[in-house]
Amino acid sequence: LGMWTQKPYVEELHRYFNNNPELFNEDLIIAGDMNSNKIWDKERRKDKNHSAMIEKLEKVGLYSQYHQLKNEKQGEETWNTFYLTRNPNKHYYIDYIFCKNEKIKSLEILDAEHWLKFSDHTPILFEI
């Protein structure tokens with residue numbers, strides 16, 4: 001499932017999940033721009049925020065592979081995937097790969113210094 005959530009961001013993914021629950025299982029791979037992070041949870045209703053979406057995905061066996069492989073908590077990422085206005089000082093982690101843990105062989109966030117010439121996002125390269 002290619003993902004690019006737009007306003008209201010994570011709420012859009014909640015709506016898609018709720019309307020299509022049969023699609024969300026451990027066979028699914030979700031990749032793309034979620035436009036969301038735990039750091040913004042307080043700006044959304046508790047049942048429609050980032051953490052609630054992560055909980056829904058994990059209940060069906062889908063995990064953020066960055067967080068699994070780097071052993072980092074949501075909202076405490078040491079790498080970034082988005083740079084607002086391509087500014088290296090305005091960075092966030094908002095792009096994700098969700099799948100069953102056993103499916104992924106490797107994951108790499110490519111170098112921002114190189115990729116910011118082309119986009120405000122840095123690519124995530126992963127192998128299944």
Side-chain angles (χ1 to χ4, degrees):
L1 174 66
M3 170 176 55
W4 177 31
T5 62
Q6 298 181 19
K7 286 185 181 178
Y9 303 122
V10 72
E11 291 179 33
E12 190 174 55
L13 187 56
H14 276 283
R15 191 169 25 256
Y16 189 77
F17 183 99
N18 292 339
N19 290 332
N20 301 281
E22 71 283 358
L23 299 178
F24 288 81
N25 59 58
E26 62 182 25
D27 293 328
L28 182 66
I29 297 172
I30 303 173
D33 182 356
M34 194 173 182
N35 273 311
S36 185
N37 189 295
K38 182 180 178 174
I39 62 173
W40 299 305
D41 271 1
K42 291 181 182 178
E43 297 173 17
R44 307 233 176 268
R45 286 181 22 189
K46 194 173 184 175
D47 63 329
K48 302 268 188 202
N49 67 19
H50 181 87
S51 294
M53 190 70 243
I54 298 301
E55 188 175 316
K56 283 181 181 180
L57 293 172
E58 289 181 353
K59 281 184 180 177
V60 296
L62 302 175
Y63 295 88
S64 167
Q65 292 306 303
Y66 168 86
H67 295 89
Q68 293 295 307
L69 295 170
K70 299 287 187 187
N71 198 28
E72 293 182 4
K73 294 180 181 179
Q74 294 280 335
E76 298 178 14
E77 297 84 5
T78 57
W79 286 79
N80 300 290
T81 62
F82 174 71
Y83 296 81
L84 185 63
T85 65
R86 298 186 187 179
N87 182 336
N89 298 316
K90 295 181 180 180
H91 50 79
Y92 305 96
Y93 190 95
I94 64 171
D95 301 280
Y96 297 82
I97 309 298
F98 291 98
C99 67
K100 182 178 175 181
N101 288 336
E102 293 78 20
K103 282 192 178 196
I104 197 146
K105 291 182 180 180
S106 65
L107 181 141
E108 178 184 1
I109 298 171
L110 301 184
D111 182 53
E113 189 173 320
H114 172 78
W115 287 97
L116 288 178
K117 293 181 253 179
F118 307 103
S119 174
D120 52 1
H121 291 259
T122 54
I124 300 174
L125 181 64
F126 68 102
E127 182 179 4
I128 54 171

Are the side chains of [X] and [Y] in touch, meaning some heavy atoms are under 4.5 Å apart?
X: Phe82; Y: Thr122; answer: no
X: Pro8; Y: Arg15; answer: yes
X: Glu58; Y: Leu62; answer: no

List for me each residue that meets side-chain hydrogen bond (donor to acceptor under 3.5 Å, both in side chains) alongside [X], sequence neighbours excluded, and say none if there are none.
X: His67; answer: Ser64, Gln74, Glu77
X: Lys103; answer: none
X: Gln68; answer: Asn101
X: Asn18; answer: Lys56

Tell me, with the steps shown, if Val10 and Met34 meet side chain to side chain contact (heavy atoms under 4.5 Å, CB included). CA-CA 6 Å; Val10 72; Met34 194 173 182; 3.8 Å; yes
Partners passing side chain to side chain contact (heavy atoms under 4.5 Å, CB included) against [X] (at least two apart in sequence or in another chain):
X: Asn80; result: Tyr83, His91
X: Gln6; result: Trp4, Glu12
X: Glu108; result: Leu110, Leu125
X: Ile128; result: Ile29, Phe126

How would you list, by chain and number, every residue that makes a salt bridge (Lys or Arg N to Asp or Glu O under 4.0 Å) with Asp111, sequence neighbours excluded? none
Partner residues of Lys59 under the salt bridge (Lys or Arg N to Asp or Glu O under 4.0 Å) criterion, sequence neighbours left out: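 Listed in chain order: Glu55.
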Working note: His121 + Thr81, criterion side-chain hydrogen bond (donor to acceptor under 3.5 Å, both in side chains); need CA distance, chi angles, decisive distance, verdict. CA-CA 5 Å; His121 291 259; Thr81 62; 5.1 Å; no
For the student: nearest non-hydrogen atoms of [X] and [Y], plus distance:
X: Cys99; Y: Ile104; value: SG-CB, 4.3 Å
X: Asn49; Y: His14; value: O-NE2, 2.9 Å
X: His50; Y: Ser36; value: ND1-OG, 2.9 Å

Qualifying residues under ring pair (Phe, Tyr, Trp, His ring centres under 6.0 Å), relative to Phe98, sequence neighbours excluded: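 In terms of ring pair (Phe, Tyr, Trp, His ring centres under 6.0 Å), with neighbours along the sequence ignored, Phe98 is linked to Tyr96.
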How would you list, by chain and number, every residue that makes a ring pair (Phe, Tyr, Trp, His ring centres under 6.0 Å) with Trp79, sequence neighbours excluded? none
Nearest 0.5 Å please: distance from the OG atom of Ser106 over to the CD atom of Gln65. 11.0 Å
Pair Ile30, Leu57 - check side chain to side chain contact (heavy atoms under 4.5 Å, CB included), show working. CA-CA 10 Å; Ile30 303 173; Leu57 293 172; 3.9 Å; yes
Could you go step by step and tell me if Phe17 and Leu23 meet the side chain to side chain contact (heavy atoms under 4.5 Å, CB included) rule? CA-CA 8 Å; Phe17 183 99; Leu23 299 178; over 6 Å; no
Output, in order, the C-alpha distance, side-chain angles, deciding distance and verdict of side-chain hydrogen bond (donor to acceptor under 3.5 Å, both in side chains) for Tyr66 and Glu72. CA-CA 8 Å; Tyr66 168 86; Glu72 293 182 4; 2.5 Å; yes
Can you tell me if Asp120 uses its side chain to pair, donor with acceptor, with the backbone of Arg86 under 3.5 Å?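 Flag not set: sc Asp120 to bb Arg86 has no pair under 3.5 Å.
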